[in-house]
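Just so it is clear, the values below take in all heavy atoms, side chains as well, and ignore hydrogens, waters and symmetry mates. Below, chains carry the letters A, B, ... as their sequence lines are ordered, and counting in each starts from 1. Given the structure is predicted, the values throughout are model-derived calculations rather than measurements.
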There are 2 protein chains.
Amino acid sequence: MDEIDRNILVALQENGAAGLAELAKVAGLSVSATAERVKRLEERATIRGWRADLDPNAVGCTLLAFVFVGLRPGQDEHFHRAMRRLEAVLECHAVTGPWSYLLKLRLADLRALELFVAEHIRGLPAVERSETLVALASAKETAILPVAPADEED
Amino acid sequence: MDEIDRNILVALQENGAAGLAELAKVAGLSVSATAERVKRLEERATIRGWRADLDPNAVGCTLLAFVFVGLRPGQDEHFHRAMRRLEAVLECHAVTGPWSYLLKLRLADLRALELFVAEHIRGLPAVERSETLVALASAKETAILPVAPADEED
DNA sequence: AATGAAAGTGATACTGG
DNA sequence: CCAGTATCACTTTCATT
């Protein structure tokens, strides 16, 4: 993984539909050499897949919320499985601090959030307590990772 | 936006590199009709773009952290601009509760986190106080949105 | 590993139904 | 919206360095 691979990854995060010709210009290589590098990055699972990036509002996911969860002891595996099955739960992280987990949810509206938390979070025997934060506005939301170790921000 | 469009969007979130032929089978339409629908979804910006989905660990973003930020009054615009410029800041949301903002960060390691927060978050005049949570493990992390209003989770 | 060219595949556009 | 065709672009492969 060298500078060229990193440039390719930057480009493919911004535009995954760019052709190899365009990508080759970014990389400073021929088309075939570029194709090989992309293939290698896929095989090594540095590139996990290719996704359409959707506008949440356009698909009815208007509301973004974060939920802190406190779990009863020994219930983590059950909880993980439950979270993985719920499409509205985009993320589920064990975190430092007074709470066991932090969830990121996308739902239609406040009513849907209320129902969802009551039924699928607080309704779980594994869950002892929870606290919900609603996002009021988002200044930034991206899945684009910094590919060069981001010590050097401008 | 009907059931067919939603099926297409589900498929394209899972595999954005699927060809039109495969997609047409999912949609239950001909290739040409499928191609038109995808094009329409792009024009309407329901599909915002196409991205390579990278493994964070493979590109040196080992550490995931969340940072709560309390801002001094009237500094929001400055703060937004600052956050947008920082690649390590993947998300920046105004949230309900005692804090003004919740940030999601990806960095190389704890040392990088410490330096980053000191310099780029707490170092800002706009920032009054902050609190950092480190993700210890992630049971789930996806950008795949539920396309049908997710009232109906199984 | 990279190049350049040749060969194969799939997307795009247009016709008519 | 479907089927079919033609064109064009892109990916893939291979011989060569």
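Not a single donor-acceptor contact under 3.5 angstrom links the side-chain atoms of B:S32 to the base of D:dG4.
Counting to the nearest Å, the P atom of D:dT11 and the CG atom of A:L12 are 11 Å from each other. Atom-to-atom, NZ of B:K39 to P of C:dT12 comes out at 9 Å; the value is rounded to the nearest Å. Counting to the nearest Å, the C1' atom of D:dT16 and the CD atom of A:E36 are 14 Å from each other. Spacing between atom CD of A:E43 and atom P of D:dT12 amounts to 11 Å, rounded to whole angstrom units. The interatomic distance linking B:E3 (CD) with D:dC1 (P) rounds to 14 Å, in whole Å. Summarising the geometry, the separation between CG on A:D2 and P on C:dA1 is reported as 9 Å, rounded to the nearest angstrom. When the P atom of C:dA11 is taken as reference, atom CD of B:E22 falls 10 Å away, rounded to whole Å. Between the NZ atom of B:K25 and the P atom of C:dG10 there is a distance of 11 Å, given to the nearest Å.
Counting non-hydrogen atoms of other residues, nucleotides and ligands closer than 6.0 Å to CD of A:E22 gives a total of 12 or fewer.
Side-chain proximity of B:V31 to the nucleotides D:dT12, C:dT12, C:dA1 is greatest for C:dT12. You'll find that the side chain of A:S30 is closest to C:dT3, out of C:dT12, D:dC1, C:dT3. For A:L20, taking side-chain heavy atoms from C-beta onward, the closest of the listed nucleotides D:dC2, C:dT3, D:dT12 is D:dT12. The side chain of A:R40 lies closest to C:dA1 when the candidates are D:dA3, C:dA1, C:dA2.
For the atom pair NE2 (A:H93) and CG (B:L133), the distance works out to 11.5 Å, reported to the nearest 0.5 Å. Taken to the nearest 0.5 Å, the CZ atom of A:R81 stands 13.5 Å off from the CG atom of A:L86.
A salt bridge is defined here as a Lys NZ or Arg NE, NH1 or NH2 lying under 4.0 Å from an Asp or Glu carboxylate O, and A:E141 with B:R48 fails to meet this definition. Taking a cutoff of 4.0 Å between a charged side-chain nitrogen and a carboxylate oxygen, B:E3 and B:R6 qualify as a salt bridge.
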**Study point:** Bracket string, DNA chain D, 5' to 3' - pairs by Watson-Crick or G-U geometry under 3.5 Å, | interstrand
**Key:** |||||||||..||||||
Practice item. Evaluate side-chain contact (heavy atoms from CB on, under 4.5 Å) for B:F66 paired with B:E91, printing each intermediate quantity in order. Key: CA-CA 9 Å; B:F66 294 90; B:E91 305 184 22; over 6 Å; no
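Partner B:L54 forms a side chain to side chain contact (heavy atoms under 4.5 Å, CB included) with one of A:I144, A:L145, A:L41 and no other, that one being A:L145.
In terms of phosphate contacts, A:R37 brings a side-chain nitrogen or oxygen within less than 4.0 Å of OP1 or OP2 of C:dA2.
Contacts of B:A35 with the nucleic acid, taken as non-hydrogen atoms under 4.0 Å apart, are absent.
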